[in-house]
> 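Starting off with a structure, shown below.
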Amino acid sequence: RWEEERYPEGIKWKFLEHKGPVFAPPYEPLPENVKFYYDGKVMKLSTKAEEVATFFAKMLDHEYTTKEIFRKNFFKDWRKEMTSEEKSTITNLSKCDFTHMSQYFKAQTEARKQMSKEEKQKIKEDNERLLKEYGYCVMDNHKERIANFKIEPPGLFRGRGNHPKMGMLKRRIMPEDIIINCSKDSKIPSPPPGHKWKEVRHDNKVTWLVSWTENIQGSIKYIMLNPSSRIKGEKDWQKYETARRLKKCVDKIRNQYREDWKSKEMKVRQRAVALYFIDKLALRAGNEKEEGETADTVGCCSLRVEHIKLHPELDGQEYVVEFDFLGKDSIRYYNKVPVEKRVFKNLQLFMENKQPEDDLFDRLNTSILNKHLQDLMEGLTAKVFRTYNASITLQQQLKELTNPDDNIPAKILSYNRANRAVAILCNHQRAPPKTFEKSMMNLQSKIDAKKEQLADARRELKSAKADAKVRRDEKSKKTVESKKKAVQRIEEQLMKLEVQATDREENKQIALGTSKLNYLDPRISVAWCKKWGIPIEKIYNKTQREKFAWAIDMAEEDYEF
DNA sequence: GGAACGGACTCAGAAACCTACTT
DNA sequence: AAAGTAGGTTTCTGAGTCCGTTC
């Protein structure tokens, strides 16, 4: 039971043994008959140049490949892989014809789909073997699942949003790039034959097993454990405990920042207004980013003047702030929020004599803000507000929306609605599924069919009743009963379908997964299930139940966040 | 102090994959 | 009964937060 184990400060484990990473399969050159054309003429590429060309060919249908920056970055990196002859011939990407290669890959995909059962079974078994050998490690006394034991294969970098580095070549990771972390007394994983690890270290103050430096941003990538592991679960639990501590002092903090709106110091005022946004709107902290290295996105502290508009009055409301900016993953945040007069006046002050591209909070950054929060409560940082507000919203919404008389599907709809309220708060959006319209129509026709079926069943019941009135025998009574049951059953089915339709419609552009997995104290959901007799499987699938195992056996129906 | 940087960890949506149901 | 589809699940890897160190 991991909940009971304790480690000295900063120590993450005592024993760690694993098999090291699985490398991407080596490049397989294209068959002779698959051609690349330059300027209308067949051209045989060197293996290295060909490999990079296939990365582009595989993405040909994606709109990425039409973007100027993507093409420019790709072409620059591709040329680095070319022989000098290739370099002198291939000077213009627009003259490159990858369509034959692209068709070949499509055919391959198709062929994979068409494989016989036996072939598919064999692949499945191979994967299982790989998972069994490399997918687990031993950390202290537990065998634990590893999250990502496969090294990322080479390919073209695809950032999110308008990323300046899109299209750049993500190089192949070799054993010589890899740092292994494990305990001294474990069996140290061996590198592939003929290769060496970059380094083997024994650092039990960190949780990762393998790391390497990626070539696009120069950042470090890690292999770590699965969410079901002790080390992740314990951390997750701690996160929610910190948020619960915030619950106890949030009123005090709110009073404090409201006072600070009046401060003589500009820095304090900015801090207080920013904190108000973080608290009220669940904005992210907003670290500074290096210009030109990433997409231009912001969070609270990095908001610029151009990201907000002030409306002294809008649609009958006073002091409205209109937010419009790109947040994490270049997801747009758009919101019109009535705020307190003091906040509004402060914002006007902060914006005075500034250009649109100037920082709104020019005296503030996340480090200043977090230092202040640390003084208000131990372990408090900006992101704790997101966790706190998400979880408390779920709890509140569940209380408000759950109708004790509802059946299980209707209660689950209520749960999803509560979940949705949180996703909206946290601005968790998704692109509407490509098949959305169609699937909605299918569902509607199912509903129509069910309605007809219900009408039929009701007619039959009516005539059975009439019949029974005349005959007054046991047999016709029984018929009435069974027809009644049929009507009830169909009504229930119809209701289920309608609930499904509502749920899906409301969920069109909302992503529930992120909040469910990362922001909602799972004990709230577990308690709710227990209270209303909802099977936990209706709320959490298998993976989620594994991740939240700690909460499932911890929480009783009276759990309060 | 505070900026710059490296490092380690959480959180993010898209895409690939799988499976159960239809046709 | 094979093939096609829809929708849920898993994988993938990029994008944040936050902390410690150094100058």
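All values below were derived from every heavy atom in this structure, side-chain atoms included, with hydrogens, water molecules and symmetry-related copies excluded. Labels below follow one simple rule: chain letters A, B, ... track the order of the sequence lines, proteins then strands, and each chain is numbered from 1.
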> Quick one: is C:dC18 close enough that its OP1 or OP2 comes under 4.0 Å of any side-chain N or O from A:Asn370?
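Yes, within the criterion.
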> Any side-chain N or O of A:Gln544 under 4.0 Å from OP1/OP2 of C:dT9?
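Checking C:dT9 against A:Gln544, no side-chain N or O comes under 4.0 Å of OP1 or OP2.
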> What is the separation between atom NZ on A:Lys516 and atom P on B:dG13, rounded to the nearest whole Å?
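The answer, rounded to whole Å, is 15 Å.
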> Could you go through the side chain to side chain donor-acceptor pair (under 3.5 Å) check for A:Arg271 and A:His372 one step at a time?
CA-CA 9 Å; A:Arg271 199 179 64 192; A:His372 172 64; 3.3 Å; yes
> Take a 6.0 Å sphere around CD of A:Glu357 and say whether it holds more than 12 heavy atoms from other residues, nucleotides or ligands.
yes
> What is the separation between atom CG on A:Leu364 and atom P on B:dG2, rounded to the nearest whole Å?
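From A:Leu364 CG to B:dG2 P: 12 Å.
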> Under 4.0 Å between a side-chain N or O of A:Thr381 and OP1 or OP2 of C:dT17?
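No, no such contact exists.
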> Please give, in whole Å, the distance from C:dT13 P to A:Asn215 CG?
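The distance from CG of A:Asn215 to P of C:dT13 comes to 13 Å, rounded to the nearest Å.
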> Report yes if a side-chain nitrogen or oxygen of A:Lys328 is closer than 4.0 Å to either non-bridging phosphate oxygen (OP1 or OP2) of B:dG13; otherwise report no.
no
> Looking at A:Gln108, I'd like to know if its CD atom is crowded, meaning that more than 12 non-hydrogen atoms belonging to other residues, nucleotides or ligands lie closer than 6.0 Å.
yes
> Tell me which of A:Cys426 and A:Arg158 sits closer to the 5' end of DNA chain B, going by the nucleotide each one is nearest to.
A:Cys426
> Verify the contact: side-chain N or O of A:Asn518 to OP1 or OP2 of B:dT10, cut-off strictly under 4.0 Å; return yes or no.
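So the side-chain polar atoms of A:Asn518 never come under 4.0 Å of the phosphate oxygens OP1 or OP2 of B:dT10.
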> At less than 4.0 Å, is any side-chain N or O atom of A:Thr207 found next to OP1 or OP2 of B:dC9? Yes or no.
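So the side chain of A:Thr207 is within the cut-off, an N or O lying under 4.0 Å from OP1 or OP2 of B:dC9.
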> How many Å lie between CD on A:Glu537 and P on C:dG8, as a whole number?
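Taking CD of A:Glu537 and P of C:dG8, I get 17 Å after rounding.
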> Select base, sugar-phosphate, or nothing to describe what A:Phe157 touches, counting heavy atoms under 4.0 Å on all strands.
sugar-phosphate
> Contact class for A:Gly327 (heavy atom, under 4.0 Å): base, sugar-phosphate, or nothing?
sugar-phosphate
> Please confirm whether the shortest side-chain N or O distance from A:Arg386 to OP1 or OP2 of B:dA12 is below 4.0 Å.
yes
> I need the CG-C1' distance between A:Asn416 and C:dG8, as an integer number of Å.
13 Å
> Dump the intermediate steps for salt bridge (charged side-chain N to carboxylate O under 4.0 Å, His left out) on A:Glu241 and A:Arg244, then the final yes or no.
CA-CA 5 Å; A:Glu241 289 306 301; A:Arg244 292 175 86 196; 3.1 Å; yes
> Check whether any side-chain nitrogen or oxygen of A:His428 sits under 4.0 Å from OP1 or OP2 of B:dA12, and answer yes or no.
yes
> Hey, does A:Pro227 reach any base, or is it just sugar-phosphate, or nothing, if we go heavy atoms under 4.0 Å?
nothing
> Hey, does A:Phe325 have a side-chain heavy atom less than 4.5 Å from the side chain of A:Thr297?
no
> So A:Asp329, base contact, sugar-phosphate only, or nothing? Heavy-atom distance under 4.0 Å.
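Counting heavy atoms under 4.0 Å across all strands, the contact made by A:Asp329 is with sugar-phosphate only.
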> Answer with base, sugar-phosphate or nothing: what part of the nucleic acid does A:Glu214 contact at a heavy-atom distance below 4.0 Å?
nothing
> Hey, is the side chain of A:Lys239 poking within less than 4.0 Å of OP1 or OP2 on B:dT10, counting only N and O atoms?
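Result: no.
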> Closest nucleotide of DNA chain C for A:Ser330 versus for A:Ile151: which of these residues is on the 5' side?
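Residue closer to the 5' terminus by nearest nucleotide: A:Ile151.
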> Within a reach of under 6.0 Å around NZ of A:Lys120, are more than 12 heavy atoms found that belong to other residues, nucleotides or ligands?
yes
> May I ask you to verify if any side-chain N or O of A:Thr297 is less than 4.0 angstrom from the OP1 or OP2 atom of C:dG16?
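Yes, within the criterion.
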> In whole Å, what is the span from the CE atom of A:Met377 to the P atom of C:dC18?
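These atoms are roughly 12 Å apart.
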> Is any side-chain nitrogen or oxygen of A:Lys221 closer than 4.0 Å to OP1 or OP2 of C:dG14?
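Answer is yes, contact under 4.0 Å.
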> Indicate whether OP1 or OP2 belonging to B:dA12 is found under 4.0 Å from a side-chain N or O atom of A:Arg284.
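Checking B:dA12 against A:Arg284, a side-chain N or O does come within under 4.0 Å of OP1 or OP2.
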> Rounded to the nearest Å, what distance is computed from the CD1 atom of residue A:Ile220 to the C1' atom of nucleotide C:dA15?
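After rounding, the reported distance stands at 16 Å.
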> Kindly say if A:His62 contacts the phosphate of B:dA14, meaning a side-chain N or O under 4.0 Å from OP1 or OP2.
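A:His62 to B:dA14 OP1/OP2: no side-chain N or O under 4.0 Å.
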> For the pair made of NZ in A:Lys235 and P in B:dC11, what is the distance, rounded to whole Å?
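To the nearest whole Å, that distance equals 9 Å.
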> Output yes when at least one side-chain N/O atom of A:Lys165 is less than 4.0 Å from OP1 or OP2 of C:dG14, else no.
no
> Rounded to the nearest 0.5 Å, what separates atom CD1 in A:Ile392 from atom NZ in A:Lys247?
4.5 Å
> Starting at the 5' end of DNA chain C and moving along, which residue's nearest nucleotide shows up first, A:Cys300 or A:Lys170?
A:Lys170
> Heavy atoms under 4.0 Å, any strand shown: does A:Ala147 hit a base, just sugar-phosphate, or nothing?
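Nothing, no nucleic acid heavy atom in range.
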> Nearest nucleotide by nearest heavy atom, which residue falls closer to the 5' end of DNA chain B, A:Lys124 or A:Arg160?
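Between the two, 5'-proximity favours A:Arg160.
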